[in-house]
Amino acid sequence: MNNKLYIHNSLSRQKEEFKPLEDGYVGMYVCGPTVYSDVHLGNCRTFVSFDIIYRYLMFLGNKVRYVRNITDVGHLEGDADSDAEDKISKKARLERLEPMEVVQHYSNGFHDMMRIFNTLPPSIEPRATGHIIEQIEMVQSIIDNGYGYEKNGSVYFNTAKFAQENDEYGKLSGRVIDDLLAESRDNLKNQSEKEHPADFAIWIKADPRHLMRWNSPWSVGFPGWHLECSAMSTKYLGQKFDIHGGGNDLKFPHHENEIAQNVGACGCSPAQYWLHANMLLMNGRKMSKSDGNTITPNQLFTGDSPHISKAYSPMAIRFFMLQAHYRSTLDLTDDALLGAEKAYRRLMEANKVLQGLAAAKGAQAGELDQEIDQLIDQAFAEMRDDFNTPKTLARLFELVPKINGIKAGHLDAKELSAETLEKLKKAFSDFIYVIFGLKDEMDAGDGDNSAMDGLMQLIIEMRADARANKDWGTSDKIRDVLKELDIQLKDGKDGTSWTIG
RNA sequence: GGUCGGGUGGCCGAGUGGUUAGGCAGAGGUCUGCAAAACCUUGUACGGCGGUUCGAAUCCGUUCCCGACCUCCA
């Protein structure tokens, strides 16, 4: 059986077998947020996608160092040599806050949201402002290697020269430097500090209104966007590492320039595999604040938005994200969320049923056993094929009727060996909790529900008595009132169970 | 305008040169005191137009539409 992991590499635009630089160890860098506003739902999708990838790499037995930065300086709203302002500096100025207050506030919010979506924290979460020295050193290396030049205290990366001397530039994004040249030749007339429009700032001299400033050999200023990722990935993962990830929108210019900086500074391309998560749409269009086609995570949780009919739980949304492949766009609609929520509950219910199953006496591997065994193996194979969560889920959902069928007695439990049943239990639990990172939201109180369980047991018994006496009024009243309390009774062959939601 | 990626059944969403994705919704049935849950069965599909092929939704060309990034304009 083929146990290799295949990953789609944006650099080669095809699936490749994943081979870490050092067997059993994986270094993964993912571009984190710029913390100047509340985290965007689309960002959440990207980080959930990489959370699954992180979890799965660990599940396969790798020791993973997962570095996800926080960009808290340098990300401009426009071009460095125009009138652009740093996003955080601007926010701080408008709100009359210290820039670090802005950074702390939105970092906290980001972390809260990541926790709500049940993503694992990265191994290291470096900040750009905490690595000014490393960035200055990298600028110096780039200058020393002839790929950077200073103009009026700012330092620019010489993209044109770099592209001429290296094969690297444009490889990732498909940009051709000549096209960039041709497209923008007119701009050369502008009073620009740049020698070429494709050049970009790696150190920016701070104008008087700029609130974030550090001493450097060139000026009192701040590092350019892109540079923080080059410097910090090198610091924590080395000049070469395994995986670099981020949102698709970062491919150009951010990631292209990152590669240029790394090559320009040390002569080697940083990551072996580049992974890009695709965008989240809403109602078939991009989310956009200006035309109202947008929704925040919190609006999703509260249902307070004209775009949705009800509130959705974080796990229902996480499940919704799992239903699409990370490299595809995902269209968020109310109907799709309704469907995902139901599917999520069905899966979790099935798991609960499964974990309660015991092997039948005298069970032997029959046809059912073989089918189940095969589906489990297929599910794992789907994950190894570029983390294909929708296909993995499809296999799990093919197992659901089997689980329910055994429980209900439609399927012959004797055909399922104890060994395969154990394998199935372990696989379901691993997929749901360990790999997909889902949580049970339907259990009351999580852990401390013995009182609730006891109460429900009593109520169920009282209803059973009423039913035995054909007292339908009482039994239906119990059922209806509980339903209003969001508790659902499920009558099965061997008694009644209940769930919340 | 440039580069790249898409257009799949009522909705979301996989995938493949000839064979079932899966979920949700819909229809029928089993079970039930009636329901719900669960189980069984089930329909409609691959944007338009050409071409390659014995055969294409899957490959090629073209056109329309959508998205990302860049650029231009505002």
Side-chain angles (χ1 to χ4, degrees), chain A residues 8 10 13 42 79 170 172-187 197-198 200 247-257 276-288 293 316 319-347 349-350 353 375 378-379 382 385-386 388-411 466-473 475-476 479-480 482-483 487-499:
Chain A
H8 179 93
S10 299
R13 284 155 227 267
D79 213 12
L172 179 68
S173 62
R175 304 294 148 127
V176 178
I177 189 77
D178 289 338
D179 291 350
L180 293 173
L181 251 174
E183 278 161 23
S184 38
R185 187 152 282 149
D186 289 349
N187 297 349
F200 55 93
N248 207 233
D249 50 344
L250 293 177
K251 235 189 228 177
F252 189 87
H254 184 61
H255 289 159
E256 197 68 75
N257 290 352
H276 289 96
N278 217 135
M279 302 291 100
L280 181 68
L281 307 178
M282 186 160 75
N283 300 317
R285 293 181 297 130
K286 70 167 171 174
M287 289 200 200
S288 147
N293 193 236
F319 181 91
F320 168 69
M321 293 170 175
L322 288 170
Q323 280 188 309
H325 186 87
Y326 75 91
R327 286 196 299 113
S328 299
T329 52
L330 171 61
D331 192 7
L332 183 116
T333 63
D334 193 48
D335 283 345
L337 287 172
L338 281 167
E341 180 181 59
K342 287 201 127 186
Y344 159 68
R345 292 185 175 181
R346 187 167 138 87
L347 183 70
E349 262 315 297
V353 169
L375 282 169
Q378 281 171 5
E382 305 292 12
D385 183 14
D386 198 24
N388 198 323
T389 53
K391 284 184 89 176
T392 305
L393 278 174
R395 299 293 88 76
L396 295 186
F397 273 107
E398 286 178 53
L399 285 162
V400 168
K402 308 219 181 289
I403 292 166
N404 287 326
I406 291 167
K407 166 83 189 284
H410 296 133
L411 294 175
R467 293 177 75 196
N469 296 327
K470 303 206 180 210
D471 179 3
W472 309 130
S475 75
D476 287 356
R479 185 173 72 196
D480 295 345
L482 285 176
K483 180 149 197 184
I487 294 171
Q488 192 190 30
L489 292 181
K490 295 179 177 181
D491 296 328
K493 279 253 186 281
D494 50 353
T496 301
S497 61
W498 61 282
T499 55

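Each chain gets a letter, A, B and so on, in the order its sequence line appears, and its residues count up from 1. Excluded from the calculations below are hydrogen atoms, water molecules and symmetry mates; all remaining heavy atoms, backbone and side chain alike, are included. The model shown is predicted, which means the values in this text are computed figures rather than measured ones.
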Is [N] paired to anything, Watson-Crick or G-U wobble with both distances less than 3.5 Å, and if yes, which nucleotide?
N: B:rU32; answer: none
N: B:rC4; answer: B:rG67
N: B:rG10; answer: B:rC24
N: B:rC72; answer: none
N: B:rC59; answer: B:rG51
N: B:rG43; answer: none

Between A:N388 (side chain) and A:K391 (backbone), is there a donor-acceptor pair under 3.5 Å?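 Answer holds: yes.
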
Return yes if some donor-acceptor pair links the side-chain N/O of A:D386 with the main-chain N/O of A:H8 below 3.5 Å, else return no.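 Between the backbone of A:H8 and the side chain of A:D386 there is a qualifying donor-acceptor contact (under 3.5 Å).
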
Between A:D491 and A:R467, does any side-chain N to carboxylate O distance fall below 4.0 Å?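 A:R467 and A:D491: salt-bridged.
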
Taking the basic N atoms (NZ, or NE/NH1/NH2) and the acidic carboxylate oxygens, is any pair closer than 4.0 Å for A:R479 and A:D476?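 Salt bridge between A:R479 and A:D476, a charged N being under 4.0 Å from a carboxylate O: yes.
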
Send over the distance from [X] [atom1] to [N] [atom2], rounded to a whole Å.
X: A:L281; N: B:rC65; atom1: CG; atom2: P; result: 18 Å
X: A:D385; N: B:rA21; atom1: CG; atom2: P; result: 18 Å
X: A:D334; N: B:rA25; atom1: CG; atom2: P; result: 14 Å
X: A:F252; N: B:rC70; atom1: CZ; atom2: C1'; result: 6 Å
X: A:L172; N: B:rC69; atom1: CG; atom2: P; result: 15 Å
X: A:H325; N: B:rU16; atom1: NE2; atom2: P; result: 11 Å
X: A:F397; N: B:rC24; atom1: CZ; atom2: P; result: 6 Å
X: A:N278; N: B:rA14; atom1: CG; atom2: P; result: 10 Å

If you measure from the [atom1] atom in [N] to the same atom in [M], how many Å do you get, rounded?
N: B:rG26; M: B:rG1; atom1: P; answer: 44 Å
N: B:rG51; M: B:rG17; atom1: P; answer: 23 Å
N: B:rA37; M: B:rG18; atom1: C1'; answer: 41 Å
N: B:rU16; M: B:rA57; atom1: C1'; answer: 9 Å
N: B:rC4; M: B:rG23; atom1: C1'; answer: 30 Å
N: B:rC12; M: B:rC46; atom1: C1'; answer: 15 Å
N: B:rU62; M: B:rG5; atom1: P; answer: 15 Å
N: B:rG22; M: B:rU32; atom1: P; answer: 29 Å

Nucleotides 32-42 of chain B: protein proximity per nucleotide (B base, S sugar-phosphate only, - neither; heavy atom, under 4.0 Å): SBBBBBSSS--

Which pair of heavy atoms, one from A:G247 and one from A:H276, lies closest together, and at what distance?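 Looks like O-CD2, 3.5 Å.
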
Search all heavy atoms of A:R327 against all heavy atoms of A:N278 and return the closest pair with its distance.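 It is O-OD1, 2.9 Å.
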
Distance below 4.0 Å between [X] side-chain N/O and [N] OP1 or OP2:
X: A:N388; N: B:rG15; answer: yes
X: A:S328; N: B:rG13; answer: no
X: A:K286; N: B:rA68; answer: yes

Mapping A:A394 and A:G284 onto RNA chain B by nearest heavy atom, which one lands closer to the 5' end?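 On the 5' side of the pair lies A:A394.
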
Hey, which of these two, A:K251 or A:A324, hits RNA chain B nearer its 5' end, going by closest nucleotide?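 Whichever sits nearer the 5' end wins; that is A:K251.
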
side-chain hydrogen bond (donor to acceptor under 3.5 Å, both in side chains) pairs, two or more places apart, involving residues 393-409 of chain A: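 Of all non-adjacent pairs touching residues 393-409 of chain A, those that pass side-chain hydrogen bond (donor to acceptor under 3.5 Å, both in side chains) are A:E371-A:K402, A:E382-A:R395, A:R395-A:E398.
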
N/O donor-acceptor pairs under 3.5 Å from side chains in residues 331-341 of chain A, not counting sequence neighbours:
{"residue": "A:D331", "atom": "OD1", "partner": "A:N283", "partner atom": "N", "Å": "3.0"}
{"residue": "A:D331", "atom": "OD1", "partner": "A:G284", "partner atom": "N", "Å": "2.7"}
{"residue": "A:D331", "atom": "OD2", "partner": "A:G284", "partner atom": "N", "Å": "3.1"}
{"residue": "A:T333", "atom": "OG1", "partner": "A:A336", "partner atom": "N", "Å": "3.1"}
{"residue": "A:D334", "atom": "OD1", "partner": "A:S309", "partner atom": "N", "Å": "3.0"}
{"residue": "A:D334", "atom": "OD1", "partner": "A:S309", "partner atom": "OG", "Å": "3.4"}
{"residue": "A:D334", "atom": "OD1", "partner": "A:Y312", "partner atom": "OH", "Å": "2.7"}
{"residue": "A:D334", "atom": "OD2", "partner": "A:S309", "partner atom": "N", "Å": "3.4"}
{"residue": "A:D334", "atom": "OD2", "partner": "A:S309", "partner atom": "OG", "Å": "2.7"}
{"residue": "A:E341", "atom": "OE1", "partner": "A:K310", "partner atom": "NZ", "Å": "3.0"}
{"residue": "A:E341", "atom": "OE2", "partner": "A:K310", "partner atom": "NZ", "Å": "2.8"}

Determine the contact category for A:A343: base if any of its heavy atoms lies under 4.0 Å from a base atom, sugar-phosphate if only primed atoms, P, OP1 or OP2 are that close, otherwise nothing.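 Sugar-phosphate only.
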
Would you please test A:T329 and A:N248 for side chain to side chain contact (heavy atoms under 4.5 Å, CB included) and show each step? CA-CA 10 Å; A:T329 52; A:N248 207 233; over 6 Å; no

For the side chain of A:R13, starting at C-beta, report the closest nucleotide among B:rA21, B:rC4, B:rA68.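 So the nucleotide nearest the side chain must be B:rC4.
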
